[in-house]
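A short write-up of the structure that comes next.
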Protein chains: 2
Amino acid sequence: MTLNYTKPIEQAITSSDKTFLSIRYAIVEGDIASGSKLSETELSTKYGVSRAVIREAINRLETCHLVERKANVGARVVSLTPDGLIELYQIRESLEGMAARLAAKNMTSEEIAELNQLLDIHAEKVKQEGSYYQEAGDVDFHYRIILGCKNKQLISLLVDGIYHLVRMYRVQLGMSGPRITTAFDEHKAIVSAIQNKDEELAEMLMRRHIMYSKNNIANKLA
Amino acid sequence: MTLNYTKPIEQAITSSDKTFLSIRYAIVEGDIASGSKLSETELSTKYGVSRAVIREAINRLETCHLVERKANVGARVVSLTPDGLIELYQIRESLEGMAARLAAKNMTSEEIAELNQLLDIHAEKVKQEGSYYQEAGDVDFHYRIILGCKNKQLISLLVDGIYHLVRMYRVQLGMSGPRITTAFDEHKAIVSAIQNKDEELAEMLMRRHIMYSKNNIANKLA
DNA sequence: TTAATTAATGTTGTCGACAATTTAGACCTA
DNA sequence: TAGGTCTAAATTGTCGACAACATTAATTAA
């Protein structure tokens with residue numbers, strides 16, 4: 001007599017799922033360089049699965065905007081020009097600004113409390129080792145606000161859409177010194193606005209926050 | 001009436017491409033009902049191609065947000081709840097508002113002239129047969145403004161992202177009588193703002209225009 | 001009868017092989 | 001040498017078959 005005491009519902013995880021996640025990780029972390037070609041046969045032997053699985057994974061990577069495919073030619077890891085990166089941040093400004101506004105409207109007090117806890121943790125990390133924050137912390141912060149907006153379409157668009165692309169460039173470019181603490185302060189201000197249910201302010205602060213990041217990147221690339 | 005939204009391609013067209021386009025058309029036009037299941041074997045015989053081709057097509061349909069897949073279970077045509085549809089229009093407000101603003105900044109005078117020509121044609125159509133406009137014309141108008149924004153990321157997100165989903169519901173719900181002419185006037189105002197390079201006004205008018213559509217739909221569903 | 005278990009059926013996931021296409025290099029030509 | 005053509009190699013696209021899984025029907029136990 002077994003099981004059924006375990007989890008009632010769990011998404012089945014296929015071989016394609018695992019392979020997709022592995023390759024995505026490799027791309028985001030830079031193990032597979034941006035602009036490089038994704039050979040199906042090569043990946044097939046490397047991950048020990050058939051080409052069908054690889055093709056499935058590549059398709060999903062294309063959905064995340066991490067990969068571009070040409071018929072009869074193959075797939076390459078996307079490589080944004082500086083202009084393309086700016087364009088991406090413009091979209092973030094719009095979409096995450098909206099997310100912040102909706103988060104101010106829709107987040108529960110529990111979720112807001114958790115958000116404050118997250119900020120406390122980040123404050124510690126920044127004091128101790130300035131590096132952690134920029135990589136995982138910032139992403140995590142934005143991630144929670146996105147989830148807090150409660151608009152499923154928007155969540156899908158950001159989380160399994162463009163967000164991994166942002167992460168990829170975040171890893172590659174990093175944040176420079178002074179930006180770390182100012183970004184943290186901006187986060188605090190955003191949470192404060194959300195806590196006060198000030199939708200307009202939350203949106204405005206989030207847009208400005210992302211705009212600063214954009215400028216920071218633009219300077220780095222110029 | 002067929003609108004060809006594909007750019008002039010010199011790309012190779014594979015069997016998967018054709019099948020994808022066929023099925024997408026069937027879904028958008030309602031030939032395949034929303035919520036219905038997409039059986040791989042069934043489609044395979046229907047379109048006379050292998051299951052691999054069908055799977056490829058379904059993957060791309062998933063990328064357009066027209067289809068949802070569950071592992072080991074299969075794919076269904078997406079079926080938005082009224083709330084989901086409202087959420088979708090909220091996103092349009094944000095993204096197309098941004099597109100309008102950028103269009104005011106970046107569209108060439110040639111493109112603006114073509115846009116005016118399009119409106120003239122629409123004016124004729126509305127007089128003659130009030131029906132054409134709502135289906136293809138409105139979509140075409142929005143389409144041109146999206147292309148005019150010149151932000152490739154945004155264009156990709158809208159054109160091969162959520163826009164076919166919008167078209168699908170446009171076909172299913174249609175526009176009611178008085179809305180047709182008011183929508184046309186709103187289009188004229190938007191073009192006027194773009195012509196004057198008034199970015200803020202263009203964004204504001206576009207957002208309002210979509211908000212009106214949203215309300216129109218919300219009333220219809222209530 | 002009802003609930004749970006098992007068997008049967010159909011669907012999706014994965015595989016290896018072949019076909020179509022692109023790409024690289026050898027070869028020729030002016 | 002520069003340019004083009006053709007052949008050969010490698011890569012992607014497509015196919016049919018089998019394996020794994022989900023769903024339904026049949027069976028059994030309480």
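All chains are named by letter (A, B, ...) in the order of the sequence lines, taking the proteins before the strands, and each is independently numbered beginning at 1. Reckoned from all heavy atoms, side chains included, excluding hydrogens, waters and symmetry mates.
Ion pairing between a basic and an acidic side chain is recognised when a charged N comes within 4.0 Å of a carboxylate O; A:Arg55 and B:Glu56 show such pairing. Contact check on B:Lys152 versus A:Glu68 returns no salt bridge, with no Lys/Arg side-chain nitrogen under 4.0 Å from an Asp/Glu carboxylate oxygen. Ion pairing of A:Lys105 with A:Glu199 is absent here, as no side-chain N (NZ or NE/NH1/NH2) approaches a carboxylate O to less than 4.0 Å.
In this structure, the CD1 atom of A:Ile58 is 13 Å from the C1' atom of D:dG13, given to the nearest Å. Atom CG of B:Asn59 and atom P of D:dG13 are 13 Å apart (whole Å). Rounding to whole angstrom units, CD1 of residue A:Ile54 and P of C:dG16 are separated by 12 Å. Rounded to an integer number of Å, the gap from B:Glu56 CD to C:dT14 P is 15 Å. Following rounding to the nearest Å, B:Tyr47 (OH) and D:dG13 (C1') show an atom-to-atom distance of 20 Å. When rounded to the nearest whole Å, the span between CZ of A:Phe20 and P of C:dT14 equals 14 Å. Atom CG of A:Asp17 is separated from atom C1' of D:dC21 by 14 Å (rounded to the nearest Å).
Looking at B:Glu111 and B:Asn106, their side chains never come closer than 4.5 Å, going by heavy atoms from C-beta outward. Between A:Leu102 and B:Gln90 the shortest side-chain heavy-atom distance falls below 4.5 Å.
Relative orientation of the B:His187 and B:Phe141 rings is parallel, given thresholds of 30° and 60° on the angle between their planes.
Tested against B:Val77 for a side-chain contact (heavy atoms from CB on, under 4.5 Å), the candidates B:Leu61, B:Leu66, B:Leu38 yield a single pass: B:Leu38.
Atom NZ of B:Lys37 has more than 12 neighbouring heavy atoms from other residues, nucleotides or ligands inside a 6.0 Å radius. The number of heavy atoms from other shown groups lying within 6.0 Å of NZ (A:Lys197) is above 12.
Under 4.0 angstrom from either OP1 or OP2 of C:dT14 there lies no side-chain N or O belonging to A:Ser50.
Axis deviation across the helix from C:dT1-D:dA30 to C:dA30-D:dT1 amounts to 10°, comparing end segments of five pairs, rounded to 10 degrees.
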Distances under 3.5 Å only, N/O to N/O: pair up the protein atoms with those of nucleotides 11-13 of chain C.
from: C:dT11; atom 1: O3'; to: B:Lys37; atom 2: NZ; distance (Å): 3.3
from: C:dT12; atom 1: OP1; to: B:Lys37; atom 2: NZ; distance (Å): 2.8
from: C:dT12; atom 1: OP2; to: B:Glu40; atom 2: N; distance (Å): 3.3
from: C:dT12; atom 1: O3'; to: B:Asn72; atom 2: N; distance (Å): 3.4
from: C:dG13; atom 1: OP1; to: B:Asn72; atom 2: N; distance (Å): 3.2
from: C:dG13; atom 1: OP2; to: B:Arg55; atom 2: NH1; distance (Å): 2.5
from: C:dG13; atom 1: OP2; to: B:Arg55; atom 2: NH2; distance (Å): 3.2
from: C:dG13; atom 1: N7; to: B:Arg51; atom 2: NH2; distance (Å): 2.8
from: C:dG13; atom 1: O6; to: B:Arg51; atom 2: NH1; distance (Å): 2.8

